[in-house]
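Below is one structure; the comments refer to it alone.
Below, read A as the first sequence line, B as the second, and so on, with proteins coming before strands; counting in each chain starts at 1. These numbers were taken from a predicted model, which means no experiment stands behind them.
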Protein chains: 2
Amino acid sequence: MAVSMHDVARHAGVSQRTVSNVVNGYAHVAPATRARVQASIEALHYRPNPIARRLRRGRTSTVTLALPSLHERYFADLAAAVVAEARLRELKVLVETTEGDREVELRILRGGDLLTDGVIMSAVALTAEDEKIRHPDYPLVLVGDRQLRSQIDHVGADNRRAAREAVLHLLDTGRRRIALLGVGHGPTRTFNLRRRGYTDALTRYKLPVDERLLIDSTWTRAGGEAAIARHLASDSPPFDAVFAMNDSAAFGAMRAVLRSGLKVPADVAIVGFDNIDEAHSSVPSLTSVGPAYADIARAALDLLQVQADSQGERQPEQRRVPFELHVRESSTPPSRKSRA
Amino acid sequence: MAVSMHDVARHAGVSQRTVSNVVNGYAHVAPATRARVQASIEALHYRPNPIARRLRRGRTSTVTLALPSLHERYFADLAAAVVAEARLRELKVLVETTEGDREVELRILRGGDLLTDGVIMSAVALTAEDEKIRHPDYPLVLVGDRQLRSQIDHVGADNRRAAREAVLHLLDTGRRRIALLGVGHGPTRTFNLRRRGYTDALTRYKLPVDERLLIDSTWTRAGGEAAIARHLASDSPPFDAVFAMNDSAAFGAMRAVLRSGLKVPADVAIVGFDNIDEAHSSVPSLTSVGPAYADIARAALDLLQVQADSQGERQPEQRRVPFELHVRESSTPPSRKSRA
DNA sequence: ATGAAAGCGCTAACAC
DNA sequence: GTGTTAGCGCTTTCAT
């Protein structure tokens, strides 16, 4: 067995209590005593046993992060953010992968093994019905773009606001005829929110929505390219910017625009959604809105803390965190120099 | 407080010992007793306290995985593999990110907080000198391509064998004049191992090494492209395959080959190293060797177990795990149909 | 087959 | 300012 607090106490000729006081940096320890205890700690190479401490304190200072996988960049980045934010709060993070397996998600909903102080989960297989089996006292926060759950705290990104910011960026840099690419496809809820953000921005500038600039297209590269090419070849009204529902469609649009002989961003600015890797490596690089991972992590850990502090008589909360707009070459104002 | 084993014992009218036996599935419990205890467990919604169990058992059944970051795909994939393999062994994984900070790595070397049963670390800032401060009894395994450490168990990938497999694949599919791209650059040790693998393969086929096919180049896209373009434009002997020291150089090579009017893979097969994302999305997709994450995870957890079981009188071990060859379009034999 | 009880290493309430 | 000590909830030795 390793050396315990008791051993140190004996070695220093004090009580265990005093050793504990020294180790935990409590006040009211005579300097001489403290020094003696410190010496014994070093002499014996004493290290406090964190498990005993956890048992005694009744808290683990650890949270579980349950994700479908770590192979997708989105989840890996989210995990990185949670680990970083947890570190600031002196918390550890236990990572579990669910592989999107409903059974695994259900087990976590029931409290898993109760090993940590709570769980942050990105659930993909749970249904609204499943909520009922949730462990009543075990802190749990859901993250991600899934449907709102009525009874469980949830952190999601603010699609409407993100779209508004993206479009405002285009308006702020002088664009006035902004096409919305990806209409009629994608997850309905998500699309509606983003379209509303598009409208919000135009309204802010007192501009009407021109229905002819709402371009029907799947959220794919091929779909975006075909739709934009078709638009450009037709007698539809021209645009000086494209706001695409995701980056794939945006890249398709970029290709169609360039092939038509127009320049990006000089003639047409392009903004995408999701901020995929390619967005910053493409030529020109693509302006895009992406999740603000640090904000998500912070909100999730905050909610866990709130649950731990409350005695159960709370109403569940939905926290919307903003996306981040990454301005790149595809929308750099024509008047400015494009960045390297 | 939550309901404890003691509560269940009282409720069922048995001793705590019997409840423990039931919970842990021990034999020698009368069926009737077991049923009664089970009923009480359910009635009271009893869940064993894992922290108390860990304290008592003296094991946490948890390992720490310390990585520089989770943003790089390599580390995220490694983490995914460790989590998956740990799950099979009924172990939990605590993830920490070091940000490549030497102080953080040193703290882990000293045993960190001793919270888990051991650490798997991908160290990037430690020097050979640092080894000395290692905690003597705390299981630690280093993973990655760093220099061999004499006193700490280490899991690394087998560069020589990987290169040999890659070149054998080219030879097996009929290539006979295989250029080695990236000579004179990159990490010396890594380069030497991979070149040796190249030679091994040729030797196996009783082919001589043609010095003129050892092409000097940085391990970058631009470097690879320039070097191959130069070679093709000169009167240097032609090749029917290129084995590049990494995928970036391989993509450069691919571009140079295509621009010269030659076809990939019909005229020239190309194989890279690292298996980066782009390798499977490019057109044509790139054959490449990459780390076998599952093998790394398995070896690392095995070593941790070995250390836990041994009483310190072991010699440190270096485990070399194989890379995996991902055959894609850039080296698909001309005789076969290229896959979609 | 089951009970009684010690004790893992720590924190903190209670003394003085 | 420091000592004494009772648990936190569990596993497990020693009984019977």
Side-chain angles (χ1 to χ4, degrees), chain A residues 1-41 44-62 90 111 113-117 137-138 308, chain B residues 1-41 44-62 90 111 113-117 137-138 308:
Chain A
M1 268 302 108
V3 31
S4 80
M5 207 168 241
H6 182 245
D7 301 325
V8 176
R10 227 178 6 172
H11 185 273
V14 298
S15 79
Q16 211 184 110
R17 161 70 198 262
T18 301
V19 179
S20 177
N21 282 347
V22 170
V23 167
N24 293 292
Y26 286 158
H28 306 317
V29 179
T33 316
R34 160 163 284 133
R36 198 146 38 88
V37 171
Q38 280 293 5
S40 296
I41 286 175
L44 302 179
H45 298 296
Y46 168 72
R47 305 278 294 269
N49 178 326
I51 298 298
R53 186 174 272 177
R54 275 148 206 256
L55 175 58
R56 182 59 237 228
R57 287 190 177 151
R59 286 184 305 106
T60 62
S61 297
T62 305
E90 304 196 320
D113 41 25
L114 262 35
L115 180 56
T116 63
D117 295 339
D137 307 316
Y138 193 60
Chain B
M1 269 300 106
V3 32
S4 80
M5 207 168 241
H6 182 245
D7 301 325
V8 177
R10 227 179 5 170
H11 185 274
V14 298
S15 79
Q16 211 183 110
R17 160 70 199 262
T18 302
V19 178
S20 178
N21 282 348
V22 171
V23 167
N24 294 292
Y26 287 158
H28 305 316
V29 179
T33 315
R34 161 163 284 132
R36 198 145 37 88
V37 171
Q38 280 295 4
S40 296
I41 286 176
L44 301 179
H45 298 296
Y46 169 71
R47 304 277 294 268
N49 179 327
I51 298 296
R53 186 174 272 176
R54 281 155 151 72
L55 175 59
R56 181 59 234 229
R57 289 190 178 153
R59 286 183 305 105
T60 62
S61 298
T62 305
E90 305 196 321
D113 40 25
L114 263 36
L115 179 57
T116 63
D117 295 339
D137 306 316
Y138 192 60

When the distance from [atom1] of [X] to [atom2] of [N] is rounded to whole Å, what number comes out?
| X | N | atom1 | atom2 | answer |
| --- | --- | --- | --- | --- |
| B:Leu114 | C:dC10 | CG | C1' | 15 Å |
| A:His6 | D:dT5 | NE2 | P | 12 Å |
| A:Leu55 | D:dT11 | CG | C1' | 13 Å |
| B:Arg53 | D:dC10 | CZ | P | 8 Å |
| A:Arg10 | C:dG9 | CZ | P | 13 Å |
| A:Arg34 | D:dG1 | CZ | P | 10 Å |
| A:Met5 | D:dG7 | CE | P | 20 Å |
| B:Arg59 | D:dC10 | CZ | C1' | 14 Å |

message = Check whether B:Thr60 reaches the backbone of B:Asp117 with its side chain - one donor and one acceptor, N or O, closer than 3.5 Å.
response = yes

query = Does any N or O in the side chain of B:Tyr138 come within less than 3.5 Å of the main-chain N or O of B:Thr116, such that one atom is a donor and the other an acceptor?
reply = yes

message = Let me confirm one number: the CG-CZ distance from B:Asn49 to B:Arg54, rounded to the nearest 0.5 Å.
response = 9.5 Å

remark   = OG (A:Ser40) and CG (A:Leu44) are apart, to the nearest 0.5 Å, by 6.0 Å

message = Distance alone, cut at 3.5 Å: any donor-acceptor contact between the side chains of B:Tyr26 and B:Thr18?
response = no

query = Would you say the side chains of A:Asn21 and A:Arg17 form a donor-acceptor pair under 3.5 Å?
reply = yes

Please produce a list of atom pairs where a protein N or O lies less than 3.5 Å from an N or O of nucleotides 12-14 of chain D.
| unit_1 | atom_1 | unit_2 | atom_2 | d |
| --- | --- | --- | --- | --- |
| D:dT12 | OP2 | B:Tyr26 | OH | 3.3 |
| D:dT13 | O4 | B:Arg17 | NH1 | 2.8 |
| D:dC14 | N4 | B:Arg17 | NH1 | 3.3 |

For a quick test of reading the model: is some side-chain N or O of [X] closer than 4.0 Å to OP1 or OP2 of [N]?
| X | N | answer |
| --- | --- | --- |
| A:Thr18 | D:dG1 | no |
| B:Ser15 | C:dG3 | yes |
| B:Thr33 | C:dA1 | no |

query = Who are the salt bridge (charged side-chain N to carboxylate O under 4.0 Å, His left out) partners of A:Arg10, not counting sequence neighbours?
reply = A:Asp7

inquiry  = At 4.0 Å (heavy atoms only), tell me whether A:Val23 reaches a base, stays on the sugar-phosphate, or touches nothing.
reply    = nothing

message = Please compare B:Arg47 and A:Ala30 by the position of their nearest nucleotide in DNA chain D and report the one closer to 5'.
response = A:Ala30

A:Ser4 side-chain proximity, nearest of C:dC10, C:dC8, D:dT2 = C:dC10

